[in-house]
Amino acid sequence: QVHLVESGGGSVQAGGSLSLTCVASGYTERTNYMGWFRQAPGKEREGVARITTDNDFTYYADSVKGRFTISQDNAKNTVYLRMNSLKPEDSAMYYCAADSTDAEEDSWFSGVKFGNWGPGTQVTVSP
């Protein structure tokens, strides 16, 4: 399994920015996609952004297009999420994820199955 650890969460006022970092280790098979998900209390976990590891192709949820940017540094096994113009509705626990074919608990995002999860980092945006 891939081990993922997020960092960079915190509290910010609406309109502010935060950058999240995910460091991956323990790869046992080829990882084709990395992504960011979020889950707010009482809501379903939702995909935020994903990136193709081989070619940097990105996909974003409509709710964050134009505000969030996912990027990666494969040499460091690291994925980033830059969040600009944050809104209160962006408040959630943010999870880094890697694609998986055999995960017990998985989520689909834009046709990709994600099942390897980090422990999450909290993002809180105040009005």
Side-chain angles (χ1 to χ4, degrees):
Q1 294 184 342
V2 177
H3 183 68
L4 307 171
V5 179
E6 306 95 337
S7 63
S11 298
V12 65
Q13 287 190 300
S17 299
L18 285 173
S19 293
L20 307 183
T21 299
C22 172
V23 179
S25 62
Y27 285 98
T28 59
E29 60 185 8
R30 181 177 179 84
T31 299
N32 296 311
Y33 304 92
M34 295 291 294
W36 288 95
F37 289 71
R38 67 186 182 187
Q39 186 169 28
K43 299 183 66 176
E44 297 283 341
R45 180 169 58 194
E46 62 176 348
V48 175
R50 65 165 175 83
I51 187 167
T52 306
T53 55
D54 288 342
N55 59 22
D56 289 332
F57 180 83
T58 58
Y59 179 86
Y60 299 91
D62 288 341
S63 59
V64 307
K65 285 181 179 178
R67 300 188 297 118
F68 290 13
T69 302
I70 187 171
S71 61
Q72 64 188 349
D73 185 341
N74 288 335
K76 298 180 179 180
N77 291 323
T78 301
V79 180
Y80 307 93
L81 185 68
R82 177 64 176 177
M83 304 181 293
N84 295 324
S85 301
L86 283 163
K87 305 174 181 179
E89 52 263 43
D90 294 319
S91 297
M93 184 70 74
Y94 281 71
Y95 299 93
C96 181
D99 64 313
S100 174
T101 60
D102 58 358
E104 294 182 356
E105 299 180 5
D106 56 16
S107 294
W108 290 83
F109 183 49
S110 189
V112 176
K113 180 183 178 181
F114 291 89
N116 295 316
W117 307 96
T121 185
Q122 180 68 44
V123 172
T124 302
V125 184
S126 301

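Numbers here simply count residues along the sequence, with the first being 1.
The environment of Glu89 atom CD is dense: over 12 non-hydrogen atoms of other residues, nucleotides or ligands sit within 6.0 angstrom.
Every salt bridge (Lys or Arg N to Asp or Glu O under 4.0 Å) that Arg38 has, sequence neighbours left out, goes to Glu46, Asp90. Evaluation of the side chain to side chain donor-acceptor pair (under 3.5 Å) rule for Ser17 yields Asn84 as partners, not counting sequence neighbours. Residues passing the salt bridge (Lys or Arg N to Asp or Glu O under 4.0 Å) test with Lys65 are Asp62, sequence neighbours excluded. For the side chain to side chain contact (heavy atoms under 4.5 Å, CB included) test, residues two or more places apart in sequence or in another chain that qualify with Thr124 are Ser11, Ser91, Gln122. Take Val5 and apply the side chain to side chain contact (heavy atoms under 4.5 Å, CB included) test, not counting sequence neighbours, and it matches His3. Residues meeting the side chain to side chain contact (heavy atoms under 4.5 Å, CB included) test with Val123, sequence neighbours left out: Leu18, Leu20, Met83, Tyr94, Val125. Every salt bridge (Lys or Arg N to Asp or Glu O under 4.0 Å) that Lys113 has, sequence neighbours left out, goes to Asp106. For Asp56, the side chain to side chain donor-acceptor pair (under 3.5 Å) partners two or more places apart in sequence, or in a different chain, are Gln72. For Ser107, the side chain to side chain donor-acceptor pair (under 3.5 Å) partners two or more places apart in sequence, or in a different chain, are Arg45.
Between Thr53 and Met34, some side-chain heavy-atom pair lies under the 4.5 Å cut-off. In this structure the side chain of Asp99 reaches within 4.5 angstrom of the side chain of Thr31, judged on heavy atoms. Using a 4.5 Å heavy-atom cutoff, the side chains of Tyr80 and Thr69 are not in contact.
Taking both residues in full, the closest heavy atoms of Asn116 and Leu4 are given as O-CD1, 3.2 Å, listed atom of the first, atom of the second, then distance. Across all non-hydrogen atoms, the minimal contact from Val12 to Leu86 is CG1-CD1, 3.5 Å. Taking all atoms of both residues into account, the shortest heavy-atom contact from Trp36 to Leu81 is NE1-CB, 3.5 Å. Taking every heavy atom of both residues into account, Arg82 and Ser19 meet most closely at NH1-OG, 2.7 Å. When all heavy atoms of Gly47 and Ala61 are compared, the closest pair comes out as O-CB, 3.4 Å. Among all heavy-atom pairs drawn from Pro127 and Gln13, the shortest one is O-NE2, 4.4 Å.
Screening residues 98-127 for disulfide bond (SG atoms under 2.5 Å apart), with sequence neighbours left out, gives no hits. Among pairs with a residue in residues 84-127, those fulfilling disulfide bond (SG atoms under 2.5 Å apart) read Cys22-Cys96, at least two apart in sequence or across chains.
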Could you walk me through whether Arg67 and Tyr60 pass the side-chain contact (heavy atoms from CB on, under 4.5 Å) check?
CA-CA 10 Å; Arg67 300 188 297 118; Tyr60 299 91; over 6 Å; no
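Tyr59 belongs to a hydrophobic cluster with Tyr33, Phe37, Met93, Tyr95, Phe109, Val112, Phe114, Trp117, counting contacts under 4.5 Å between side-chain heavy atoms of Ile, Leu, Val, Met, Phe, Trp and Tyr, direct or through other members.
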